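All values derive from a computational prediction rather than experimental measurement. In what follows, residues are counted from 1 in the order of the sequence shown. Atoms within a ligand are numbered from 1 in the order they appear, just like the ligands themselves. FYI, side chains are in, hydrogens and waters are out, and symmetry mates aren't considered; it's all heavy atoms of this structure.
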Amino acid sequence: MNYYSLNRQSPKVNFKEATIKGQAPDKGLYFPEKIPVLPKSFFEDIVQMPNEEMAYKVIAPFVGDVMSENVLQQIVNETINFSIPIVPVSDNIFALEMFHGKTLAFKDVGARFMSRCLGYFVKDNNKKVTVLVATSGDTGGAVADGFYDVEGVQVVILYPSGKVSSVQEKQLTTLGKNIFALEVNGTFDDCQQMVKQAFNDVSLMQQIFLTSANSINVARWLPQQFFYYLAYKQWKDKSLPPVISVPSGNFGNICAGILAYKSGLPINHFIAACNANDVIPKFMETKAYIPQQAVPTISNAMDVGNPSNFVRILEMFDGNADLLSTVFSAVRVTDEETKLAIKEIDSTEGYLMDPHGAVGYIALKNHLQNHPGLSGIFAETAHPIKFYDVVEEIIQREIPLPASIEALMHYEKKSTAIEADYEVLKSYLLSMQH
Ligand SMILES: *Cc1c(COP(=O)(O)O)cnc(C)c1O
């Protein structure tokens with residue numbers, strides 16, 4: 001499989017090069033040249049098929065011949081080595097729990113797959129690779145965990161100071177070794193902007209071997225398709241495919257779901273559930289894409305004012321928003337609605353949602369009210385404990401800390417505070433090379 005840049009000014013590359021580069025030289029996102037279509041038999045057999053075999057069949061065409069079958073199968077197995085169940089919440093609403101991985105958010109899947117691919121691709125390099133990543137909260141922990149102690153790779157994580165939860169901060173600042181955390185005095189968008197600037201800095205790129213682990217990287221984006229195949233595999237009524245609602249920030253997760261749909265996965269409709277950061281809901285209404293400053297909310301991993309992956313979604317519909325709107329809608333949910341839903345579903349259904357999943361739940365519930373007869377799944381993208389600061393206040397009781405998190409809270413935070421200034425980041429990166 002080859003990948004082209006969505007800016008169409010750079011040469012095509014294979015999966016290995018796309019993974020190592022992260023972003024194309026013309027600053028475009030890489031996109032697969034051809035979306036594979038899975039045979040009918042694949043969907044007929046899906047219920048009996050072991051998850052590992054299913055996931056391998058999904059990803060293999062995207063990876064192509066840059067690694068052997070055995071190596072890829074091993075990476076796939078290590079990527080989905082935890083359960084991803086569908087749990088009933090109410091009559092026609094189910095939660096797809098994506099958070100049973102090590103850092104308790106869905107990003108473990110993408111980060112585990114990418115770190116293993118990159119580790120494999122650079123193992124014969126004599127130059128150290130620096131993975132540079134901006135996080136709104138959960139990416140940092142997942143990437144830190146995925147790359148921890150991987151030979152030949154060092155990781156620099158930028159996160160917005162005071163805007164991530166305490167569990168998230170511990171996950172990305174306490175590992176040490178080859179993991180370095182930069183606490184930026186600014187927003188997630190500032191962090192993302194600094195990272196983008198680094199990749200566009202020709203002189204820096206000549207001096208160090210830099211790559212990205214944000215969801216713009218194909219090796220993080222593509223394996224997220226597994227969630228949607230696993231959801232369908234567990235879906236009881238195959239004659240009536242589910243509506244899927246995905247709490248969205250940078251739009252990588254939902255974009256992977258839509259890619260799966262394009263490969264033939266039966267889905268009724270996709271809903272991008274957004275918080276107050278509503279650039280895409282506005283776009284779907286007005287057809288004008290106007291990036292905005294990120295607004296802080298209680299679902300902080302979705303506080304993104306210029307979602308990178310939306311261009312990939314548009315690409316799958318030839319840039320035609322009307323065509324897109326036949327299978328995709330985007331809605332905005334307020335913090336107040338989110339808090340109410342967490343409280344209500346906890347007390348009436350005994351299901352505790354995290355603030356991100358709750359945004360997805362509300363969007364789904366509203367959609368189903370307007371489309372009687374359908375049922376659906378919302379992506380529960382993080383364990384509520386990751387946001388206990390917010391959730392405990394809403395439900396007025398403590399959530400028991402899992403042992404792994406309890407231990408984490410006692411480790412010492414190690415981060416370097418910096419201003420949201422690209423030059424500061426640049427000198428930091430250069431000084432690390434010695
Ligand atoms: C990152 C994240 C999101 C948003 O996912 P995108 O792929 O950026 O749209 C939603 N919920 C949680 C818990 C996250 O960590």
Side-chain angles (χ1 to χ4, degrees), residues 29 95-111 114 133-146 157 159-160 163-165 167-169 171-172 188-189 191-192 212-218 220-228 244-260 270-275 277-281 294 297-313 328 330-331 333 338 342 353-363 378-388 390-391:
L29 270 63
L96 178 65
E97 295 188 345
M98 301 180 169
F99 60 73
H100 294 283
K102 220 160 145 209
T103 71
L104 306 182
F106 80 88
K107 293 192 175 74
D108 280 323
V109 161
M114 185 196 160
V133 64
T135 183
S136 57
D138 288 328
T139 296
V143 167
D145 180 72
I157 301 167
Y159 72 99
K163 295 185 181 69
V164 303
S165 81
V167 176
Q168 288 173 329
E169 186 170 41
Q171 285 179 334
L172 61 94
F188 168 68
D189 286 314
C191 297
Q192 183 155 264
S212 143
N214 277 107
S215 56
I216 55 171
N217 194 302
V218 294
R220 251 200 71 192
W221 169 49
L222 296 169
Q224 297 177 141
Q225 294 179 92
F226 299 159
F227 291 126
Y228 300 88
I244 294 201
S245 172
V246 185
S248 294
N250 225 359
F251 281 67
N253 193 357
I254 194 166
C255 182
I258 297 172
L259 184 63
F270 285 94
I271 306 167
C274 301
N275 58 25
N277 296 280
D278 59 353
V279 173
I280 303 306
T297 71
I298 59 167
S299 43
N300 68 24
M302 289 148 57
D303 296 349
V304 182
N306 189 7
S308 304
N309 282 290
F310 190 66
V311 285
R312 282 181 169 144
I313 296 181
F328 171 93
V331 298
V333 173
T338 307
I342 291 174
M353 302 186 290
D354 96 292
H356 305 77
V359 170
Y361 167 85
I362 295 161
F378 67 96
E380 183 38 295
T381 46
H383 192 298
I385 195 73
K386 271 200 110 162
F387 303 94
Y388 73 83
V390 173
V391 175

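- In terms of heavy atoms, S212 sits closest to N217 at O-ND2, 3.0 Å.
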Are Q168 and N300 close enough, and set up right, to give a side chain to side chain contact (heavy atoms under 4.5 Å, CB included), and what steps lead you there? CA-CA 11 Å; Q168 288 173 329; N300 68 24; 3.4 Å; yes
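- Using a 4.0 Å cut-off between charged nitrogen and carboxylate oxygen, K386 and D138 count as a salt-bridge pair.
- Enumerated by chain and number, the residues approaching ligand 1 to less than 4.0 Å through a heavy atom are F106, K107, D138, P247, S248, G249, N250, F251, G252, N253, A301, M302, H356, T381, A382.
- Between F387 and H356, the ring planes are tilted. Angles from 30° to 60° get that label.
- Checking Q192 against N250 by side-chain atom types alone, a donor-acceptor pair falls below 3.5 Å.
- Ring pair F328/F270: centre-to-centre distance not below 6.0 Å.
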